[in-house]
Amino acid sequence: VVEGLALLDLGVSPYSGAVFHETPLIIYLFHFLIEYAELVFMITDVLTAVALYLAIQDFNKVVFKKQKLLIELDKYASDVAELIRTPMEMHYIPLKVALCYLLNPYTVMSCVAKSTCSINNTIIAFFILATIKGSAFLSAIFLALATYQSLYPVTLFAPALLYLLQRQFIPVKLKSKSFWLYSTQYAALYLCSLVVIICLSFFLLNSWDFIPSVYGFILSVPDLTPNIGLFWYFFAEMFEHFSLFFVCVFQINVFFYTIPLAVKLKEHPMFFMFVQIAIISIFKSYPTVGDVALYMAFLPVWSHLYRFLQNIFILSCLLIFCSLLFPVLWHLWIYAGSANSNFYYAITLTFNIGQILLVSDYFYAFLRREYYLTHGLYLQRQDGTEAMLVLK
Amino acid sequence: VDKAWKELSNILSGIFCASLNFIDSTNTVTPTASFKPLGLANGTDHQLLRYAVLPREVVCTENLTPWKKLLPCGSKAGLAVLLKAERLFHSSYHSQAVHIRPICRDASCRAVSWELRQTLTVVYESFYSGQGKKDWSLFKMFSRTITEACPLASQSKIYVDISAKDKEKELLEVTPSPTSLHEAIVQGEKRTYAVYDLLSPSLFNTSRSLNVQLKWKQPQDSLELSTPILHAHRYVSGYGLQTGKISTLIYNTHPYRAFPVILLETVPWYLRLYVHTLTIITKGKENKPSYIHYQPAQDRRQPHLLEMLIQLPANSVTKITIQFERALLKWTEYPPDPNHGFYVSSSVLSALVPSVIATKEVDMEQSPLFTSLFPSSDGSSYFMRLYTEPLLVNLPTPDFSMPYNVICLTCTVVAVCYGSFYNLLTRTLHVEEPSKGGLAKRLANLIRKIRGVPPL
């Protein structure tokens, strides 16, 4: 960003080079705030934590209300008393979420590094707050800002829409008119605010240069600087013939989990949002540890799933070890010269596998709890022995 | 213009057997201020100018042969007889140049003709002779002597610099005696040249061949070279393969005159320059350039171009630093020996250096050599173009033996994600039906019955 500002001062368009890839709104924001950069990033982190706190507080109320409704409707089996959530246990969850975000070493690292990822996290947190409060207008605006910054939050449109529909008590049926009416309203709000923001950036810098530099850069991955993701080494070692094909495949990979997840998780849009944010931060083209911090902040919300998680110890050890080994192997490769790029790449692979297995573990635990809630906790087979649950 | 540039570089590459066809948009820049056309030109639009450097290529015998072929007599007669490859390349510095420019054919300038100027610069280590004396002769340097002048040449001369430092005439001696003496002001100093005119019939009277020899009368123990008024040094600093810093030091040793200098830096795109880290410090204080033109690089398309007009105060050292970050390239973009590093071409300093002694106007007709080698527009300064050292930087390298492995491993990780999500999304949880026992279970029960252990 500092380089972009310097180029702007020199009279050269910041996007004429290949160094600056942020949006024009960020340039203008930092034009005024560059002196207080550390303070700005601390404030954004605090704002994110506060937004998450308020969001989860409201969400807990919604969850509790829904649970009461389902109990009264007698949808739950008889022996699931220990799976029902009580307000007592849910009381400290918002605080835990906020602390989990603020004290996460990944958050601290991205604040110290003054990475613009913190600003992205703040916008997404405000978007979640607006969605949970039920305000479609604000939620569309924040989602448009988040999409404008980095392209991937457009997939968060689906969980937000499902949540708002649930809140309005509109059932999700393809034939229902009110469903389509509300969806088009929300989509129109979102698209309009996106168009307004893009035109505003055009007027700020008087050129459309920023579109290939920002969005073309995210989509076509030209810069292969090593990061914690999977793709830098993949494209560094790619045969030229296939690079377009694999770029397309990897970009589709981020976007295509949305529809199946929406079909499966339409009753539980917040969990869908969590899984979607996790998928974005694992498979985006330039992931950073700030993205990881955002979805990890949501883990205390699902702490009641703890008894159904299968591999949590191994996965948490894996993630901690990988995080510790990342800087060590980076130093060995780049500075000491005694290791190869393969070492760093291997840690990238294991870190991403750890993240993927963590998310799928939570997903499995969630589905299992839902099954137990409706079918009873102590399942018995026809001959009276204890039953095992399998996915078929 | 770009099409013509590409054609020109390909044709020159073919003529000179040089790899000039590697010149493409990734190493061509369009400087705005450093170069001006030397011959007749209709306009001075700098958009028509292209400048490219290939720092990795070296000059070798294959380039010398076509260069010699361009000479009117080739290497059969005249001065070019001396240019044999095995002695020429046994030197510390070797440089060949070809300059083409349009000039007026006569004084009224009604017709334009093309002037082709070829230069060859060689620097020999004089102590190779092994005796510690700096005597040299044409035979020692080139293992050949000149037998005749080129019949096609209108002028063919040898100039030997016999300027004496302390006005003592008897420090050195040249044999045979020169045809005439010539005095000129070169780069601010008065120099005397002994001239051997090969076309004059008196030269080859006594012997069939001409071997110019220079002997020092008194042994020179130390060589005192005056420091030039403008000189520069460039180096790269920093450790590790992530970041680095390019520093250029420019020295102005003139005792009382300050003058401006234009610095042109071309840095390849894979060293990402950060122009906000550009600092220019003279005598401990910051020095702001009066003109900056910065063209940032685009990945795989265009290099960085930085041109600055810097004022150098008298008797000072100016340090210009800029930081950069090293990029990771695709594995096919690395040269055959990737750990050798990548070359950064020299930066160009152009200046009108004020000279201590006033130069007099020299007519082009009288001494074409001096006006083209040491041009000066007015009496008080002379134009100098200085090239700094090329730099060698290392870039982080991926492992080149691994493309297939990398593709397999990364796709495995993506498939793990896809597989677990597919399972969770398309399958539902069911209570496991007790199976009546497959073949393996029945076999195991059989073995257990034999062992006397209760069955599964």
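Below, chains carry the letters A, B, ... as their sequence lines are ordered, and counting in each starts from 1.
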Which one of [options] has the most heavy-atom pairs closer than 4.5 Å to chain A?
| options | result |
| --- | --- |
| B:Tyr422, B:Phe400, B:Tyr418 | B:Tyr418 |
| B:Val414, B:Thr412, B:Asn394, B:Ile292 | B:Val414 |
| B:Ala327, B:Gly240, B:Cys417 | B:Cys417 |
| B:Leu273, B:Thr397, B:Leu241 | B:Leu241 |

Does any heavy atom of chain B fall under 4.5 Å from the side chain of [X], the backbone, both, or neither of them?
| X | result |
| --- | --- |
| A:Val275 | side chain |
| A:Trp330 | side chain |
| A:Phe239 | both |
| A:Phe250 | side chain |
| A:Ile282 | neither |

**Report entry** Interface moiety of B:Arg301 toward chain A, non-hydrogen atoms closer than 4.5 Å
**Finding:** neither
Query raised in the report: Relative to chain A, which segment of B:Leu278 carries a heavy atom at a distance below 4.5 Å: side chain, backbone, both, or neither?
Result: neither
Report task. Determine, step by step, whether A:Val359 and B:Phe421 satisfy the side-chain contact (heavy atoms from CB on, under 4.5 Å) criterion, reporting the C-alpha distance in whole Å, the side-chain angles of both residues, the deciding distance to 0.1 Å, and the verdict. Result -> CA-CA 9 Å; A:Val359 175; B:Phe421 272 92; 3.8 Å; yes
Query raised in the report: What heavy-atom pair brings B:Gln242 and A:Ile334 nearest, and what distance separates the two atoms?
Result: N-CG2, 3.4 Å
**Report entry** Nearest non-hydrogen partners of A:Glu240 and B:Lys330, listed with the distance
**Finding:** OE2-CD, 3.3 Å
Query raised in the report: Under 6.0 Å between ring centres, would you say that holds for A:Phe235 and B:Trp331?
Result: no
Any idea which of [options] has the most non-hydrogen atom pairs under 4.5 angstrom with chain B?
| options | value |
| --- | --- |
| A:Trp333, A:Phe242, A:Tyr344, A:Phe246 | A:Trp333 |
| A:Glu370, A:His331, A:Lys264, A:Gln355 | A:Lys264 |
| A:Thr348, A:Leu349, A:Thr225 | A:Leu349 |

Requested in this report: Check step by step if side-chain contact (heavy atoms from CB on, under 4.5 Å) holds for A:Leu367 and B:Leu424.
Outcome: CA-CA 8 Å; A:Leu367 290 177; B:Leu424 291 166; 4.1 Å; yes
Requested in this report: Answer with yes or no whether the side chains of A:Tyr364 and B:Ser420 bring together a donor and an acceptor at under 3.5 Å.
Outcome: no
**Report entry** B:Tyr404 versus A:Glu237, side-chain donor and acceptor atoms under 3.5 Å
**Finding:** no
Query raised in the report: Do other residues, nucleotides or ligands put more than 12 heavy atoms under 6.0 Å from A:Ile259 CD1?
Result: no
Report task. Supply the atom-to-atom distance A:Leu230 CG to B:Cys411 SG, rounded to the nearest 0.5 angstrom. Result -> 10.0 Å
Report task. Hey, could you give me the SG/CZ distance between B:Cys408 and A:Phe234, rounded to the nearest 0.5 Å? Result -> 9.5 Å
**Report entry** Among B:Asp399, B:Asn405, B:Thr410, the one residue meeting side chain to side chain donor-acceptor pair (under 3.5 Å) with A:Tyr345
**Finding:** B:Thr410
Query raised in the report: Does the pair B:Leu328 and A:Trp232 meet the rule for a side-chain contact (heavy atoms from CB on, under 4.5 Å), with working shown?
Result: CA-CA 9 Å; B:Leu328 185 71; A:Trp232 58 275; 3.6 Å; yes
**Report entry** Main-chain N/O of A:Ala336 paired to B:Tyr239 side chain as donor or acceptor, under 3.5 Å
**Finding:** no
